[in-house]
Protein chains: 2
Amino acid sequence: MTAANGRGTVGVDAPGGEWPGGESRGEAAAGRPGAGDTVAAVVRQWEAVRPDLDTAPMEVIGRINRCAALLQQAEDSPLRHAGLTRPEFDLLGALRRTGLELTPGELARETFSSGAAVTKRLKQLTERGLVERRGDTRDRRVAHVRLTDAGRALVDGILPAQLSYETTVLAGLGGTDQRELAALLGDLLVQLEGRLRTPRTTA
Amino acid sequence: MTAANGRGTVGVDAPGGEWPGGESRGEAAAGRPGAGDTVAAVVRQWEAVRPDLDTAPMEVIGRINRCAALLQQAEDSPLRHAGLTRPEFDLLGALRRTGLELTPGELARETFSSGAAVTKRLKQLTERGLVERRGDTRDRRVAHVRLTDAGRALVDGILPAQLSYETTVLAGLGGTDQRELAALLGDLLVQLEGRLRTPRTTA
DNA sequence: AGCAGGTGTTTTACTGGTAAATGATTTGGC
DNA sequence: GCCAAATCATTTACCAGTAAAACACCTGCT
């Protein structure tokens, strides 16, 4: 087991042994109350029904998806509280952290979204007075986008709160586990970013 | 620098040391070519601009979000190839792995989506002949949904391909790292599922 | 029986994303 | 210099999700 835990996640191993044959009633997603996370429960179901399959990848990918979903819709996060979605904040953040004016295209690449999505967000954020645009003098196709003072103030005001919120959300993991998790995700991400080059429609 | 590494990954550590002051040109998302993943680059930018902030949570949450996004839009996955989105497949999968008829409400809970979303997906999947519904005889509000033979065949046909696709996607990580990652994500998920109880509008 | 209130599902109105087409401009070959 | 092809951004048409309201039905109290 080597790993992280010694306790193999799936290892709780159920005392009695009765199974959801008919009575999964009440708990969502095949989850028994005290057991592991919901993904583990799902994986156990698959193993029961299709024991021939190697379900290992579900343990990683299923959990990544579910973590992302949960983190996304955390209603109490400072971001939402400030009326910003994560993609909007990412856009503002890209401007703040680079300290530069960026073109819509650059913003799309920075934030890993499509050009069309950026156009829409910029419209929104411009109306809210958080960003400004000016045309390029040389190349009249491109625009340059920068934070307004209000936009910069908003980012600077929210970011610490958001980070400390995220810190508490992660607090259940020890510091060592967090670093280890970050490192492993980083390794995975390097692979993914190489392998599945997103064909982001810059156009 | 404490940070992220403790282990390799980020350890490349930049030879020279010139910095994106003005020349992030060309590479997306602050990424220098050989360095770590894009999230690491973003974090470095934040640290340069706001050294007072504790960026540790970004290393985890940012990477989870980015991994999820990349995995989502993997255009070559068997799922997409079969014309199914992940949420659609999750719905079919819930029916397959439980082996039962489920009501729309149960499906919503199983798949962590809203009732309305399930309604829409069911409409879609019914039209495609992958699921069937019958009304409950006792309680005429509820419906019972089951896989058609075609639906079951589709799931059984796709799942092995999808899993083996996922296996190769994860192959860059060693088996041990994969298990460790799964375990850590499981730990995190337990925390998140307890902490941020999603107020899923069952209604 | 009758009705207040709860539950299971669907509908409505809207939002934010996407892919593909479009408009506007620059660039490079000749 | 001029036109074909490339590039940057936006627009269009559409689709899937959401929250809130509506609908249909059941349940339990009186």
Side-chain angles (χ1 to χ4, degrees), chain A residues 25-26 28 65 68-70 72-75 79-80 83-91 101-128 131 133-145 198-203, chain B residues 25-26 28 65 68-70 72-75 79-80 83-91 101-128 131 133-145 198-203:
Chain A
R25 252 316 117 342
N65 286 333
L70 282 175
Q72 213 84 48
Q73 51 199 180
E75 194 56 61
L79 243 61
R80 297 213 152 208
L84 288 176
T85 63
R86 167 68 69 169
E88 283 166 345
F89 184 75
D90 284 351
L91 194 162
E101 291 185 330
L102 297 175
T103 68
E106 287 167 337
L107 281 168
R109 285 186 288 274
E110 279 303 320
T111 63
F112 307 107
S113 23
S114 70
V118 168
T119 297
K120 279 198 175 181
R121 277 176 223 148
L122 284 178
K123 191 180 168 194
Q124 250 275 109
L125 295 171
T126 308
E127 281 166 6
R128 289 204 245 169
V131 302
R133 38 196 323 163
R134 74 176 174 79
D136 188 304
T137 37
R138 290 293 179 80
D139 185 339
R140 285 183 308 196
R141 287 170 304 180
V142 324
H144 295 269
V145 180
T198 312
R200 276 268 54 109
T201 50
T202 305
Chain B
R25 253 311 119 339
N65 286 333
L70 283 175
Q72 214 85 51
Q73 48 199 182
E75 195 56 60
L79 242 60
R80 297 213 153 210
L84 287 176
T85 63
R86 167 66 71 168
E88 284 167 344
F89 183 75
D90 283 351
L91 194 162
E101 290 185 329
L102 297 175
T103 68
E106 287 166 340
L107 281 168
R109 286 186 288 274
E110 282 300 322
T111 62
F112 306 106
S113 23
S114 70
V118 168
T119 297
K120 278 198 176 180
R121 295 201 273 258
L122 285 178
K123 191 180 168 194
Q124 250 275 109
L125 295 171
T126 307
E127 281 165 7
R128 290 204 246 169
V131 303
R133 38 196 321 164
R134 71 174 175 82
D136 188 303
T137 36
R138 290 295 178 81
D139 186 340
R140 284 182 308 194
R141 287 170 303 180
V142 326
H144 295 269
V145 180
T198 312
R200 277 266 55 110
T201 51
T202 305

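In what follows, chains are A, B, ... by sequence order, proteins preceding strands, each numbered from 1.
For the pair A/V142 and A/K123, both in contact range of DNA chain D, the more 5′-proximal nearest nucleotide belongs to A/V142. When each of A/P87 and A/R140 is assigned the nucleotide of DNA chain C with its nearest heavy atom, A/P87 is the one assigned upstream, toward the 5' end. Between A/K120 and B/P104, it is B/P104 whose nearest contact on DNA chain C lies nearer the 5' terminus.
Considering CG of B/L79 and CD of B/Q72, their distance stands at 10.0 Å, rounded to 0.5 Å. Distance check: B/L122 CG to B/E88 CD gives 10.5 Å after rounding to the nearest 0.5 Å. For the atom pair CG of B/L125 and NZ of B/K123, the computed distance is 12.5 Å after rounding to the nearest 0.5 Å. Separating the NE2 atom in B/H144 from the CG atom in B/L102 is a distance of 10.0 Å, to the nearest 0.5 Å.
An OP1 or OP2 oxygen of D/dA9 is reached within less than 4.0 angstrom by no side-chain nitrogen or oxygen of A/T119. Residue A/T103 places at least one side-chain N or O under 4.0 Å from the OP1 or OP2 atom of D/dA9. Neither OP1 nor OP2 of D/dG17 sits under 4.0 Å from any side-chain N or O of B/S114.
Salt bridge status for A/R138 with A/D136: absent, with no side-chain N to carboxylate O gap under 4.0 Å.
Distance B/E106 CD to C/dG8 P: 9 Å, rounded to the nearest Å. B/D90 has its CG atom 15 Å from the C1' atom of D/dA16, to the nearest Å. Nucleotide C/dT9 holds its P atom 9 Å from the CG atom of B/D136, rounded to whole Å. Per the geometry, CZ belonging to A/R80 stands 12 Å off C1' belonging to D/dA19, to the nearest Å. Between the CD atom of A/Q124 and the C1' atom of C/dG16 there is a distance of 10 Å, given to the nearest Å. Look at CG on B/L122: it is 16 Å from P on C/dG8, rounded to the nearest Å. Computed from coordinates, the A/R121 CZ to C/dT15 P distance equals 16 Å when rounded to whole Å. Remark: P of C/dG17 and CD of B/Q72 are 14 Å apart, rounded to the nearest angstrom.
Taking only side-chain atoms of B/A116, from C-beta outward, the nucleotide of C/dT11, D/dT10, D/dG17 with the closest atom is C/dT11. Distance from the side chain of A/R133 is smallest to D/dT10 among C/dT26, D/dC26, D/dT10. Among the nucleotides D/dC8, C/dT9, D/dC25, the one closest to the side chain of B/D139 is D/dC25.
In this structure A/T126 satisfies the side-chain hydrogen bond (donor to acceptor under 3.5 Å, both in side chains) test with no other residue, sequence neighbours excluded. For A/R134, the side-chain hydrogen bond (donor to acceptor under 3.5 Å, both in side chains) partners two or more places apart in sequence, or in a different chain, are A/E101.
The closest side-chain heavy-atom distance from A/R121 to A/L107 is not below 4.5 Å.
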Could you list, one pair per line, each protein nitrogen or oxygen that sits under 3.5 Å from a nitrogen or oxygen of nucleotides 4-6 of chain C, together with the distance?
from  : atom 1 : to     : atom 2 : distance (Å)
C/dG6 : N2     : B/R141 : NH1    : 3.0

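Counting non-hydrogen atoms under 4.0 angstrom, B/T85 reaches nothing in the nucleic acid.
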